[in-house]
Amino acid sequence: ANFFKTASDADNAINACYDALQKNAVNYVVWGDGRTDVFANTDRTQSNDLQVTSGNVGSGNGYVTWNFLYQGINRINGVLKHVPTIPDPALDVRRERIMGEAYFLRGLFYFYLTRTFENIPLVLEPFESLSGELFPKQKNRAEIFTQIELDLKAAELRVPDLPFGSTLENKGRATKGAIRSTLADLYLWQKRYVEAAEMARLVMVSSANYSLVAGASYPTIFTNKNSSESIFEIQYNYTYQEGDTNPLTDLFLPLGQAYTAGNWRFQPSPAVLSALPAGDLRTAGTYRNSGPSPAPYRDPNQTYVLKYPGTVANNVLQQDANRIVYRLPEIILFRAEALNEQGLTPDAITLLNLVRGRANIGGTLATLQGDVRLEIEKERLRELVYEGKRYYDLIRTGRYATVTGNTNPNWLRWPIPAQELIDNPNLVPNPGY
Amino acid sequence: QRITLHKDGKSLKQIFKSIKKQTGYNVVWPPDKINEEAVLNLSMNNIPLDEALRTILDLQNLGYAIRGKNIVVFMKDRPRLYNTADTTKLVTGKVTDTKGMAMPGITVKHKQGSAVVTTNQNGDYTIRIPEKGTLVFSYIGFTPQEIATSGKTQINLQLVEQEQGLSEIVVVGYGTQKKKDLLSAVSSIKGREIENLPVSTPQSLIQGRASGVQVVQNSGAPGSAVTLRIRGTTSINAGNDPLYIVDGVPVESGSLTGYNGRGGTPPSALSAINADDIESMEILKDAGALAIYGSRAANGVVLITTKRGSKGATTYNLSYYRGVQKDNENTRPKMLNSIQSLELIQEQRANAINDGITSLYSFILPDNSGNLANTDWQDAILRSAPISNYELAIRGGENKLRFALSGNYFDQEGIIINSGYQRGGGRLNLDYDATDKLKFGSNLSVTRYLNRRSSTDDGGLSLIQVALKKSPAMPLYNPNGTLYNDDVSGFINPVAYAERVKYENQVTSLLGNVYGEFEIIPGLRLRSTLGVNYASVLDTFFEPSNATRNGVSSGFGFSSNVTGWVNENTLSYAKTIGNHKVTGLLGYSQQKRRSFGLQASGSQYATDNIYTLNAASIATGVGSSVSANGLSSAFARVGYSFADKYLLEATARRDGSSRFGANKRYAMFPAVSAAWRISNESFWSGITAVNDFKLRASMGRTGNQSIDDYIAQGGYSTSSRYLGQSGVHMTTIPNPDLTWETTDQYNIGLDISMLNSRITLNADVYLKKTSNLLLNVPLPGTTGFSSVLQNVGATENKGLEFTLDTRNIEGKKFTWSSSFNISFNKNKVLSLNSGANEIILQKGAGLTGSLISYSVLRVGESIGSFYGWKSNGVYQYTTDNATGLTSTSIGANNYVFKGGDMMFSDVNGNKTIDDGDRMIIGSALPKFTGGFNNSFTYQNFDLNILTTFVYGNDVVNGSRFTVESDGRFSGSLDMLRRWRAEGDVTDIPRANHADPAGNKRFSNRWIEDGSYLRFKTVTLGYKLPTKLFNKTPIRNIRVYATAQNLFTITNYTGYDPEASSLGSGVTDIGIDQGTYPQYRTFIFGLSVGF
């Protein structure tokens, strides 16, 4: 019953791992931005969403699931187990790279899992027959982090800076830049600032030549996709007819008039509106108000998130915006944060101002380490809001309760999915759910 | 003149020449009728001509006549014995039935000789027979009569229909049996009971007519499938539909659609069978009858036998009916008018804001135009619709060849606009007796049906759901007369959608077989059949852009072929020696089913007027699929009876199926049955009131293999593409140990006939235990899969069934007969996958705000148990929630219940209403079901009334949920008594669209008693007196009127308690959510025989 026999089987298998990453785009943003201060309700917000906005999420909430992540992990584990044993010599030129891609994706999936649910089962073998491991126990976040680092390091060895022939693939699949960005993120969680700073630096000087998009062109990062500052984006394109769409478009855009647009289930919160004034060049790419003449939308004066615009073709809105995992400004802010935490505050300010300058908001006035720390936090909000970062940032820095006012300590992690607790007797629910 | 012939071995021809030479007479003979080369060894010397001729010709059975100068030789067509006029006579007469109707085609035979004639169209006959003898009058289905002829030249006769019951023939697996000799539990429905009824699917005619069978008409959609359960529900995943065999060929019984994207019950493939072609339907129920069908028989078997030709005058039957169908308007939810519904919307918004939740829908209805319509959306999509049927059947046969030819056209419009079902078909059944020992025959039917479907059931495009949810303030038409499609709340205009969307399923099917049968020695027959079952399916879907607001046109095409063949070879033997009667059957069978499908879809059509896919500017998908399975089987049956008193039978079948894992591919299914006819014991001879009394018992094993092909082998999907590049991943985990579900069944029954068979009672008690369930075991998400099919778990069904047939009054003018049956079944889950005590399954939620219902499979409880919260009415005051009960799992977390919220039971006592407070709140399975059929005749009038009943099941009233859950823009009149202020005493909670308390969660509030008693079919017929047309070729004329679903007595408040909108799966039954409503049908019909 083993499917893996030829080089093209290995290609198909690794593609299926990326395919898993295309599923449930909404969840990544709801997990990473929900339960904080960036979403406000609209008159179309539904009960699952209401819980997310308020922060008070129950274990039966529709966003509480991890099945699609473990589906991806199972596909990846299959690649890691079988690709080394495929005898086809045609595979030799890319066998290691495919293995590297798989290690990266597994690290990334577990990174999302443990940041969201904290203590989770660690499955490293593919489940291919009924003799597989049915009821794995949970491991704590530190143990998961250790495995993620192993995976990412294994990936870093195997994947070059520009492993593919096309730009599209170099943005849409694993590169050294994507792997090191994830490592930098991980090291910040582990408070390993020296390594975090170094990883971010390596990305910034990568031969992939990542460069910031001009401030005035900030919205094109999301409309044109795969910009020069993009490091890793989950790709959607309606012309591929892959069956996977990015429903974040539906989540955020208002109801259409000329064509069917979105469902406007969340709108930007006052916190976001005040953090991003009109003068900030990023505002035009982050949110917009439909104004008195709402066309092509139906209702006037609605404020909506613009980071997932989709493509309008033949007067039909295709939900195929990319979901950006990492882009250069975040890596610059990673390095700024890592240097600031090491006490290298002036170097941190230089980097921070790089991002601010692009947005045309001038240099920061902060000079003290503590103030710069808060400025970086705020800059990450301005730059990266609705890209699924805020919740993880605030948990990582321990500022969740202070910033959001949500003092319930159980809200620092999402509930273990209710159905999983039924299906796997070895799972322990997270406290308070 | 005299003749002289010498004994020298001359041929007949030479002799004739010689005669001509000697006499001068020409001898004329028909050379093709006479063997002129026959050699005769005769010696004649000067014999008179006439004597000589007689001697010569008599030996050849020839006669002669002298005409002028010719001697004409001819065949003597009468046997020598009656050659002389003085020993024979002509007998004439007329044969009628008990009602005085002429009976054509009756065989009249001279018992001692070979003279045979049949009656003509007026029932008249003439036969030449000897003075002394006996005439035998016979006809299929009637008791043969023998009449002595001495002294009579006219014999008029009434043939009496064979007593239903004891002498009736019942079809069983691979053979027939007399009903009185049955050792097993079999229900039989004769074709004459179900003629000319306005239904598209023969399955539905079983309802109320057979014990042990529950038939549920899931939906009123024309052509739609019904759910049929024989002796309960055994399986959870592997299907519970019986095996259907038509004239020996297993047929498709599910639906043959490839596209169900808009919901609605799809048409049943069995609707291709014209019910009026059916001679009988037999329902095999216990293991004794079923084991011969082995691995497919666990859910019972329905054998359908079609009508065949018989010897005698050809009969022509023309039938026609036409009528109208209409839903019962009293069962429609009564809706708020537009003013009332606007009040409701305002109130539910205001209450949501009070609860601290941003309110839904800031805009006001209707749109800015300000026009306020008052539309009755149910009335807009429902209509009264015509139904009609045309049929011609020609049946007859000569001595060696018999035929039955029929054709029909059935046209049913649906009660939802633009839905309907049309069928045209023909059938030819042939039987040919090549010799006394060798027979051939064939059955062939060709049918085509077209089903125009409605988008119903669950979802935002469900016509019924939308009709109940859409604001009455929205107009049906624009001021310019076009359909209004701009509902800002996002609801479709159901009329526009129904009219503009093309949602069709078209099936052309061919069902046929050929057989040959050879009697090797008397009693030993070899029979070989080859059957074919072919269907060509075409699904067409087109949703033009003007079907919905801001619509994008999209279309789908699906074409498939399903081909099945079966070859069966049986050797059967029957022998009676004195009191010992032995029968035997040995068989080998193989069959295969293969399906091929091709599908394509597109969107953004160039125009709304062309539905073919080439008008689509974007191809959104294309694919093909192939699937096949095979079954190879050997089977045997032996029977023995002694003195008609002790009967024994043993059956075994060994099946091998391609569907199962390499390790578990073959299995054996044995059964034994025994019966004791107590009434044949000598000690019984005094009891004359009971003319037959038989006890039966059987036990045996059957299987269930109704799972998808290839599951055991595991599977990969190619759908996992990325960056436009292909991807492959595993979707099904291989399970090489996968095998049959096994059902062991024990049955005890008794058959009693009393008062000369005027009262017959059949009773059975059974126990069915099903193990190795093919269960989709849920897997933790960490495996990367959601479930795997495994052989785990067990269920049990036990029950009682009774059938009581009585002929209450048998007068000359007035007769009354009744048939009553009732069946009790109790179902229980015995075990599930290891360690699991229950599996909770979720259904519904297609449309935001539709009811999410849950069903639980729990050890010790019955399948189909509804699982939800228990509510005890509405809090009158906020202070009534003294314990500070909160809501957790649905609505707002930690919301404290207050006045106007539902009072839910805190079952686990943790002060909050969460998932742990759910309990079993109903069961979709009835306690008993049955039917009561009464037939009356008075002179030429006949009246038949069938009532059916179901007791003790629960139905989820999803329609009431829709109109009482204040999630949208409309509501029923009951919403007027909603809780509005502290102190209100009511059963309807506060209006709040955000529903923070989860008041509309799945609770017993939505569950209703589904018991009903229904006047299912009432038919009044009148046979026109023969004398009105006895100068014409017309033999009989009957006119009739039939009402179906005339009225229903039930406490259920939805459209109809008989509804299953989500299909027939064990966790889908009993949910009435947007179901296509049932309707009443009134037809007038005419049936003419020539």
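Letters go in sequence order (proteins before strands), and every chain restarts at 1. Note that the structure is a prediction, hence the values are computed from the model and not measured.
Interface check for chain B: of the options N67(A), N56(A), N74(A), the most heavy-atom pairs under 4.5 Å are formed by N56(A). Counting heavy-atom pairs under 4.5 Å between each of V123(A), T239(A), V316(A) and chain B puts V316(A) at the top. The greatest number of non-hydrogen atom pairs below 4.5 Å with chain A, out of S603(B), S726(B), P736(B), is found for S726(B). Of the listed residues (E838(B), Q790(B), Q725(B)), the greatest number of heavy-atom pairs within a distance under 4.5 Å of chain A belongs to Q725(B).
We find the OG1-CD1 distance between T783(B) and I73(A) to be 11.5 Å, quoted to the nearest 0.5 Å.
Remark: E169(A) pairs with R173(A) by the salt bridge (charged side-chain N to carboxylate O under 4.0 Å, His left out) rule, at least two apart or across chains. With sequence neighbours left out, the side chain to side chain donor-acceptor pair (under 3.5 Å) criterion links S59(A) to no other residue. For the salt bridge (charged side-chain N to carboxylate O under 4.0 Å, His left out) test, residues two or more places apart in sequence or in another chain that qualify with D19(A) are K23(A), R75(A).
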Inset, instruction - For side-chain contact (heavy atoms from CB on, under 4.5 Å), just list the numbers for D9(A) and V728(B), CA-CA rounded to whole Å, side-chain angles, deciding distance to a tenth of an Å, and then say yes or no. - result: CA-CA 8 Å; D9(A) 293 343; V728(B) 175; over 6 Å; no
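For chain B, no part of Q419(A) is nearby; none of its heavy atoms comes within less than 4.5 Å. Heavy atoms closer than 4.5 Å to chain A are found nowhere in I839(B), neither backbone nor side chain. In this structure, no portion of A40(A) lies under 4.5 Å from any heavy atom of chain B.
Using non-hydrogen atoms only and a strict 4.5 Å limit, the part of residues 544-556 of chain B facing chain A consists of R549(B), N550(B), V552(B).
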